[in-house]
Structure formats: structure tokens, C-alpha cells
Enquirer: 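Have a look at this one.
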Amino acid sequence: MTTSFYRADTTFRSWALTTDHKRIGILFLCATTLMLLLGGVLALLVRIEHLTPGPTIMSAETYNRAFTLHGVVMVWLFMIPAIPAGFGNIIVPLQIGATEVAFPRLNLASFYFYLAGALVVLASMLLGATDTGWTFYVPYSSRTPASVLPTLTGIFIVGWSSIMTAINFIATIHTMRARGIEWMRVPLFTWAIYGTSIIQLLATPVLAIALVVIGLDHGFDWGLFDPARGGDPVLFQHLFWFYSHPAVYIMVLPAMGVVSDVIPTFAHKNVYSYRAIVYSTLGIAFVGFLTWGHHMFVAGISITDAGAFGILSMIVAVFSAIKVFTWVGTLYKGSIDAKVPLLYVLAFFFLFTFGGMTGVAVATMSLDVHWHDTYFVVAHFHFIMVGATFTAYLAALHYWFPKITGKLYSERWATLAWALVFGGFVVTFTPQFFLGNGGMPRRYYEYPPQFQTLHVISTVGSWALGLGMVLVLVYLVRALVSGERAPENPWGSRCFEWRTSSPPPKENFTSPLDVEIDAYDYTTETS
Amino acid sequence: MTLPGWAISALGLPPEASDTARRVDALHAVVISTAFVGIGVVAFVTIAFVVRYRRRAPRERTERVVASGLREWTTATLVLGLFVAFWFVGYAQYLDIERPPEHAAIVYVTAKQWMWKFGYPNGSASTDTLFVREHTPVHLVMTSRDVIHSFYAPSFRIKQDVLPGRSVSAWLDGAPAGSYPIYCAELCGVSHSRMRGEVRVLGARDYERWWNEGRDQDDMVTRGKSVAAQNGCMSCHTIDGQRHIGPSFAGLYNSRVALDDGRTVVADEAYLTRSMMEPLADRVAGFNPVMPSYRAQLSAEEVGALVEMIRSLEHAGGEASRVALPELIVTKVDGGTR
């Protein structure tokens with residue numbers, strides 16, 4: 001029995017100043033999960049506010065601040081870092097047979113930048129919080145009396161963390177792969193993190209520029225987006241979406257990576273088309289940069305530009321469709337064990353496919369004119385971006401829990417929680433499609449009374465979702481404290497990260513990784 | 001193709017107020033039905049596989065199954081074809097929504113925190129209620145006084161962001177008499193959700209009565225002339241077709257104008273407004289670029305009045321414009337002219 005990386009050193013200092021990628025990953029997981037809870041509480045409050053058409057539990061100012069913080073926390077402090085910086089840090093080096101990451105100290109710095117940024121965003125809550133929505137559209141964001149600067153500063157700092165993590169992954173995947181793991185043998189989760197890192201590296205600086213310029217406009221009256229002085233508010237939207245549309249893929253590519261690895265493990269089956277998954281990942285990473293204008297069909301951009309963005313959005317959707325077909329094909333003739341991680345993947349299929357099809361619908365330009373900035377869009381992006389990322393995060397949490405902690409959780413409680421989370425999610429967001437069809441604009445504190453029934457259904461759904469999430473935390477903490485010891489490879493997976501002890505030793509592998517058998521080869525009897 | 005009433009209520013759509021709404025809804029039904037078929041097929045096949053291929057022995061091995069390249073490319077091409085077909089119809093409808101019909105009556109819309117103001121060609125104005133004549137298209141020329149707002153009339157399936165410092169267009173096509181909601185759809189501050197109004201479509205006789213009541217005030221054209229006089233427009237532009245430092249207003253509206261970079265543009269409302277705000281953006285060939293910007297100098301109503309005045313001269317001054325005059329040489333010296 002080897003000494004696990006937990007036992008190698010147990011002082012506080014050994015955690016606070018660690019350069020072990022697994023420990024840094026765990027720090028990221030804990031921090032991002034806390035942010036998920038905070039963002040979740042804000043969401044529940046916003047939903048409760050909508051129980052009645054008039055004021056319910058908060059003022060209009062508080063409402064605007066609550067949904068803004070919900071968006072900021074969920075996007076930048078949970079969804080963007082959770083899977084890449086959390087699971088990616090722990091799993092990627094194991095999947096490529098590396099003993100370390102390329103830049104261990106930069107990795108630690110990335111965590112502290114994240115922590116500092118998150119604390120600044122939280123402090124901004126106490127200082128009067130931003131009320132512009134997470135999109136910060138000018139000129140409202142440069143005029144609002146609310147304190148925009150601290151929030152922007154926090155996101156700016158978190159952006160550095162993103163960039164550092166991305167550089168680290170790119171260098172690690174290029175240079176630290178074990179002998180025998182050529183590019184086309186790299187596990188698919190690692191491929192997804194690679195694609196994600198490229199987007200993070202290229203897009204995040206543009207966000208930083210946009211945020212700095214609003215800061216200058218708001219704090220120092222520079223007027224760069226002020227039309228009265230020759231500025232153009234629509235330019236801000238271009239800059240913002242140039243980052244924030246690819247950011248959707250920063251969130252969803254790692255989720256897809258989790259799915260691509262969970263399915264072969266629980267179906268004991270080779271991937272139906274490894275190449276299709278890899279090339280569609282790269283396709284999304286590239287074409288995803290060229291679709292940002294579809295957020296601006298009614299913003300007053302040229303109709304020719306709008307048309308081009310429309311058709312590019314259709315092309316990027318095809319890559320996602322290819323992935324869905326490949327995943328479903330992987331189940332064909334498998335030996336399927338529908339354990340909790342696979343159940344989350346099935347939930348992912350449903351949310352992602354319907355979210356994707358409604359994405360094609362909103363890219364159909366005349367339809368978007370009606371749906372833009374209504375609850376239809378809210379429902380659509382919660383299905384595809386949140387639904388996919390959140391279910392994949394939970395799939396990853398359950399899939400790699402034995403690997404990371406060496407413990408087993410209760411399948412029964414986990415299945416119950418899955419039903420609550422998935423059911424709650426569907427009940428929360430399906431009515432919002434209909435609200436949007438009916439013309440209910442998003443970010444409305446008060447609303448016409450004919451929309452109340454659908455809002456109430458949505459709010460009740462959010463309670464089931466919240467309860468499910470609490471349940472997950474309870475049984476996982478219980479498993480940590482008193483769970484059964486997990487075997488090294490409880491799922492019988494062939495993927496490389498399972499070919500070392502659970503939890504792994506500090507140096508990841510005690511003997512060089514044997515890569516004779518492919519990561520997705522189930523043609524021989526598993527040992 | 002129009003949707004039956006039950007389909008409209010099943011989708012939760014508001015009643016259709018216009019032909020545009022009917023066409024958009026038909027496409028809506030096709031696209032959403034496809035989405036349901038797509039999710040239905042994926043869900044069915046997935047569940048069927050999970051049940052049919054469930055694990056029977058703990059350490060089962062499986063045979064290797066790999067997709068054929070032909071199958072992958074065929075599927076991808078079919079899916080792309082379907083999506084592009086959606087795009088094609090959607091884009092055609094989008095062009096229709098974005099381009100107002102040529103001779104639609106114009107209403108000037110000013111959005112501000114947190115109200116909608118409407119100015120009509122007869123000089124009258126209204127707040128939060130847009131008066132429209134039954135079955136008559138209306139061209140909305142819109143600008144914002146402060147932050148970005150968005151004009152959203154769900155019954156017509158139209159929406160357009162309203163920007164400060166710029167004039168944007170939208171249009172409504174003829175609806176039957178009735179009242180239809182207007183929402184602001186872009187977060188604009190603490191009372192965003194109260195920035196609502198209505199499109200009140202009046203029958204021909206009611207509209208006639210409303211129009212005549214409003215006529216007591218100066219009409220837009222008269223106001224436009226006084227705005228032009230007060231702001232010095234007349235020192236460079238004539239209203240009788242005579243060539244001066246700038247092009248004459250007579251016959252300018254809707255004419256094709258050659259620019260000094262070789263392009264030609266139609267002098268519509270958007271062009272005229274832009275020329276006041278950014279005179280150097282589209283310079284008319286044969287004139288010196290000496291006009292100052294009137295950005296933040298003119299209110300939206302004043303801009304509207306000027307455009308209406310220029311519009312009233314669409315067919316005026318044909319004779320004078322043909323008189324050849326020696327070209328004025330104006331040279332810029334230290335920001336002044338001599």
C-alpha cells in the first residue's frame with residue numbers, strides 16, 4: 001500500500017503552499033463549490049421574488065443586484081473554473097501519465113488569484129453591489145449609482161487565474177505526456193481541457209480590456225463608449241461577447257469532456273468515434289470565436305453582419321450534434337451499468353440536446369427578434385450552459401470521488417438526489433420557455449399578472465433543485481467521514497487515471513504508466 | 001401558412017397582431033417541432049440502449065464498434081442542411097422585419113428612463129401609448145436620451161434596441177384595432193420593469209378624430225423650419241434647391257446621393273440623422289467637409305422635426321437645382337473658414 005498524497009504531509013502549510021496539482025485541484029473544488037452554493041442561494045431568492053407579480057421579499061434595487069451577483073458568481077466563480085481548474089488539475093496529469101504539471105508554482109498562483117478575485121467580488125456585495133446584470137452593458141454600467149468598480153476588479157483578477165491555468169494545461173499536455181501517449185491516444189477529458197485552455201488564453205484578455213474600459217468610463221469619466229463624445233456603446237457589446245460567447249464553450253467543453261469519459265467507463269465500451277469527438281472539440285474551440293454577433297441581432301448592427309453571425313452559429317451547432325450522435329453511438333452494444341455518474345450524463349443528454357435545439361431556434365434570426373432578452377433565452381442558456389455544466393460537474397464529482405478521496409458514497413441516496421436535481425431543473429426552466437414565448441422580458445422585477453402561474457411552477461422547481469444539491473453535499477460529506485473504502489478502480493475503467501492507487505501517491509504513479517492497453521479498449525476482459 | 005389558434009395557445013404565444021407575426025409563428029412551430037422530434041429521438045434511442053445493453057455480468061467485455069467515416073459525414077451534412085434551411089427562412093424574415101416599407105407613416109420615438117415618448121408628423125405627442133391607424137404600417141424612428149432601451153411589442157414579434165446618440169428603425173405592420181403591450185426589453189435601471197406601454201390601434205374614424213385633435217399645435221414641418229433657423233442650418237443649406245456651402249434640402253429626401261469616396265447612399269431618415277451627428281462619416285461629393293457635429297446639441301424631437309421638414313421638401317425646388325453656379329471654394333484655416 002502506497003502513501004496517498006494526503007498522508008505525504010499534513011500540515012496547514014503543506015496545503016497553503018502546495019505545488020501538488022491534486023491538492024490545488026482540491027482547493028479549487030472546495031472554493032468553487034462554495035461559490036455554487038452562494039450563487040444557488042441568490043437564485044433561490046430571485047425565484048422567491050417572482051412568486052408574485054409585484055414586490056414579494058425584496059426591493060427593485062436588491063432584485064437587480066441579486067440577479068447580477070447570481071450571474072457573476074455562477075459564471076466566473078463557479079462554471080468557468082469548476083471543471084477545468086478543479087477536476088482538470090487533479091485528473092489531467094493522471095490521464096497523461098505525468099508526475100507533475102509543467103508550472104506547479106504558477107498553478108498555485110492561479111488559485112490565489114482566483115481566491116483574491118472571488119473575495120473582491122464578495123466584498124463588492126457588501127459595498128453596494130453592481131446592478132447591471134452580468135453583461136455590464138454601457139452606458140448603463142458607466143452611469144449607474146451602484147458600485148461597479150469592485151465587481152469589475154474582482155472579475156479582472158479572476159481572469160488572470162483563468163489565463164494562468166490555461167497556460168499551465170497547454171504546456172503540460174504538450175510536454176509532459178508519458179511515453180506512448182501520442183496525441184490521438186490522449187483521453188478525451190484531457191482533449192476537452194486542452195481546447196478549453198486555448199479559448200481561455202485567447203479570449204480572456206479581450207474581456208479584461210472591455211472591463212478596464214468600463215472601469216475608466218465609470219470611475220474616471222473617460223467616455224470611451226459615450227455617444228455624446230463620439231464613443232459607441234455597441235462596440236462594448238462586441239468586445240464583451242467576443243469573450244463571453246466563447247466563454248460558453250469554456251464552460252461546456254470541459255463538461256463534454258467529462259461525458260466523453262464517463263460513457264465508455266460505464267458502458268465498458270470503446271468510444272464510437274474518438275476522432276469525431278477530438279475534431280469537434282477543436283471545431284467548437286475555433287468556430288466558437290466567430291459567432292458572438294448572434295447576441296446582437298436586435299442591437300442595431302448591420303443586417304449583413306447579423307446574417308453572417310447567424311449562419312456561423314448554425315455551423316457551430318453541428319459540432320455539438322456530432323458529439324451527441326457519437327455519445328449515443330458509444331452506448332450501442334455496450335455493457336451498461338447505470339450508476340449515478342452515468343445517470344447525470346443521461347440528464348446531460350436531455351438538457352444539452354434540448355438546450356442545443358433551442359439554440360438553433362434562437363440562431364434562426366427572425367425568431368430571435370421575438371425571443372431576445374426574454375425568458376426564452378434565460379431558459380435556453382440555463383438548459384445548455386448551466387444544465388450541461390452542472391450535470392457534468394455532478395457526474396465528475398461522483399465519477400472521480402473514489403479516485404480523489406478513496407471513499408464510496410451511498411448509491412441509493414445519490415440516486416434520490418439525482419432525481420431531485422434533474423427533476424427540479426426541468427421543472428424550474430421548462431416553464432421559462434413558455435414565459436419567453438408569451439413575451440415576458442428577462443430582468444423584470446414586476447411583471448404582468450398573466451405570467452404568474454408559470455413563475456410559481458418555476459419557483460417550486462427551484463426548491464427541488466436546491467434540496468437535491470443539499471442532499472448531495474450531505475451524503476458526500478458523510479462518505480468522506482465514514483464511507484466505505486473504495487477499491488482502486490471501482491468502475492472497472494480503462495482510462496489512464498484509474499491505473500494508479502485511489503487516492504494516488506504524491507508522485508501520481510509508483511511505476512511508469514503501462515499504456516499497452518488503450519484508454520477506451522474494453523475488448524479484453526477487465527481485471 | 002398560418003398556425004391554428006390551438007397551436008398558438010399551446011406555445012403560450014400572444015395573439016398575432018400582424019402578418020409578420022403570422023409568418024414568424026409558422027417558422028417557430030416548425031423549428032420547435034423539430035427540436036421536440038430531435039430530443040424525442042435522442043431520449044428514446046438512449047433509453048433503449050441503456051435497457052437493451054444493460055450489464056449482465058460484472059466483468060463483461062464488449063466488441064469494438066467504430067463509426068464509418070461515410071456515416072459520420074452523411075449525418076453531419078444532413079444536420080447542417082437542416083440548420084442552414086432554418087437560417088435561410090429566418091434570415092429572409094429578418095430582412096423583412098428590419099427593413100421598413102418605403103412609404104410607411106413615420107413616428108419618432110424617444111426612450112428615456114423610464115418612459116416611451118412618441119412624436120407624430122402632425123405635431124402631436126404622446127407618452128407610453130403609441131397611436132396607430134388600423135391596417136396601416138408605421139415606421140418607428142427611435143433614439144434614446146440616456147441608456148440603451150429596447151422597444152418590444154410581442155404581439156407583433158418585433159424588438160429593437162434603442163440606442164443613445166443614434167437613430168434606429170423598426171416598423172409595425174397593420175394590426176386590427178385593439179391594444180397591444182410594449183415592454184422595455186433591455187435592463188435600464190431600477191424601474192426597468194415599469195417601462196411598459198401600449199400600441200393602441202385605432203379604427204379609421206377614431207384615428208381621424210385623434211389626428212385632428214392633435215393638429216392645433218405647430219406641425220413637425222413648421223417646427224423643423226424654426227429649429228433649422230435657430231441652429232444655423234440655413235446658413236449653409238437652402239430650401240429652394242440653390243447650391244450653397246452644403247447640399248440643398250430641396251429634393252434631397254429619398255434621393256440617391258453620391259459620396260466623395262465613390263459610394264452612393266439613399267438620403268433616408270437614418271442617413272439624414274447620421275449626417276447631423278457624424279457629418280464626416282458620409283461626405284457628399286463636391287462639397288467641402290466643414291459641417292460641425294450636432295451630437296448632443298439637438299434633442300430627438302428636434303432631429304425628428306428637421307427630418308420631417310426635409311421630407312416635406314422631397315418634391316420641391318426642382319428648377320433652382322438645375323441652375324449652374326460657380327463652385328464656392330471654401331478652405332479650412334485654423335478651424336475657421338474663409
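Predicted, not measured: the structure shown is a model, and the values here were computed from it. Chain naming here is simple, since letters A, B, ... match the order of the sequence lines and numbering starts at 1 in each.
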Enquirer: Could you check B:V65 against A:Y272 for side chain to side chain contact (heavy atoms under 4.5 Å, CB included), going step by step and ending with a plain yes or no?
Expert: CA-CA 6 Å; B:V65 182; A:Y272 186 49; 4.0 Å; yes
Enquirer: Heavy-atom distance under 4.5 Å to chain A: side chain of B:M277, backbone, both or neither?
Expert: neither
Enquirer: Shorter than 4.5 Å, heavy atoms on both sides: which option in B:R166, B:R52, B:E278, B:M195 has the most such pairs with chain A?
Expert: B:R166
Enquirer: Need one label for A:A321: side chain, backbone, both or neither, based on atoms under 4.5 Å from any heavy atom in chain B.
Expert: side chain
Enquirer: Got a donor-acceptor contact below 3.5 angstrom from the A:T523 side chain to the B:R64 backbone?
Expert: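 Side chain of A:T523 to backbone of B:R64: no pair is present.
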Enquirer: Less than 4.5 Å to any heavy atom of chain A: does that hold for the side chain of B:I148, its backbone, both, or neither?
Expert: both
Enquirer: What closest approach, in Å, do A:P139 and B:P164 show between heavy atoms, and which atom pair accounts for it?
Expert: CG-CG, 3.8 Å
Enquirer: Does a side chain donor of either A:H372 or B:Y152 reach within less than 3.5 Å of an acceptor in the other side chain?
Expert: no
Enquirer: Given the rule in the side chain to side chain contact (heavy atoms under 4.5 Å, CB included) test, do A:D368 and B:Y94 qualify, once you have shown the distances and angles that lead to the verdict?
Expert: CA-CA 9 Å; A:D368 183 63; B:Y94 177 77; over 6 Å; no
Enquirer: For each of B:E63, B:Q160, B:R56, B:R196, tally heavy-atom pairs with chain A at distances under 4.5 Å, and name the one with the top tally.
Expert: B:R196
Enquirer: Are the aromatic rings of B:H192 and A:Y445 close, with centres under 6.0 Å apart?
Expert: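 For B:H192 and A:Y445, the ring centres are not under 6.0 Å apart.
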Enquirer: If you take all heavy atoms of A:A338 and B:V50, which pair is closest and at what distance?
Expert: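 Nearest pair, atom of A:A338 first, then B:V50: CB-CG1, 4.4 Å.
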Enquirer: Would the distance check show the side chain of B:R55 and the main-chain N or O of A:F266 forming a donor-acceptor pair, the cut-off being under 3.5 Å?
Expert: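 A pair under 3.5 Å: yes.
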Enquirer: Which heavy atom in A:N437 sits nearest to a heavy atom in B:H28, and how many Å separate them?
Expert: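 Looking at all heavy atoms of both residues, the shortest contact is OD1-CE1, 3.2 Å.
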Enquirer: Is it the backbone or the side chain of A:L454 that comes under 4.5 Å from a heavy atom of chain B, or both, or neither?
Expert: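 For A:L454, no heavy atom lies under 4.5 Å from chain B.
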Enquirer: So, the side chain of A:Y140 versus the backbone of B:D146: is there a donor-acceptor pair under 3.5 Å, distance only?
Expert: no
Enquirer: With only heavy atoms counted, which part of B:A281 is less than 4.5 Å from chain A, the side chain, the backbone, both or neither?
Expert: neither
Enquirer: Please state whether the side chain, the backbone, both or neither of B:L11 comes within less than 4.5 Å of a heavy atom of chain A.
Expert: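 Looking at B:L11, backbone and side chain both touch chain A.
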Enquirer: Heavy-atom pairs under 4.5 Å with chain B are the metric here; pick the option from A:T353, A:L331, A:T144, A:L367 that has the most.
Expert: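 The option with the most such pairs is A:L367.
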Enquirer: Would you name the heavy atoms of A:A361 and B:I32 that are closest together and state the gap between them?
Expert: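 Here A:A361 and B:I32 meet closest at CB-CD1, 4.4 Å.
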Enquirer: Take A:I322 and B:E72, measure what side chain to side chain contact (heavy atoms under 4.5 Å, CB included) needs, and give me the verdict at the end.
Expert: CA-CA 8 Å; A:I322 291 172; B:E72 286 177 312; 5.7 Å; no
Enquirer: So, do B:R194 and A:E446 sit near enough that their side-chain heavy atoms are less than 4.5 Å apart?
Expert: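 B:R194 vs A:E446: side chains touch.
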Enquirer: Top residue by heavy-atom pair count (under 4.5 Å) with chain B, among A:A317, A:P227, A:S313, A:G329?
Expert: A:P227
Enquirer: Between B:D96, B:V24, B:V168, which has the largest tally of heavy atom pairs under 4.5 Å with chain A?
Expert: B:V24
Enquirer: Which bit of A:F376 comes within less than 4.5 Å of chain B, counting heavy atoms only: side chain, backbone, both or neither?
Expert: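 For A:F376, the side chain is the part near chain B, not the backbone.
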Enquirer: Do any N or O atoms from the side chain of A:Y137 and from the backbone of B:E186 form a donor-acceptor pair under 3.5 angstrom?
Expert: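 Such a contact is absent between A:Y137 side chain and B:E186 backbone.
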Enquirer: Highest number of heavy-atom pairs under 4.5 Å with chain A: which of B:S293, B:S191, B:A35, B:A21?
Expert: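 Winner by heavy-atom pair count: B:A35.
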Enquirer: When heavy-atom pairs shorter than 4.5 Å are enumerated against chain A, which of B:D25, B:L82, B:T20, B:L80 gives the highest number?
Expert: B:L80
Enquirer: Among B:Q93, B:K159, B:R54, which residue forms the greatest number of heavy-atom pairs with chain A at distances under 4.5 Å?
Expert: B:K159
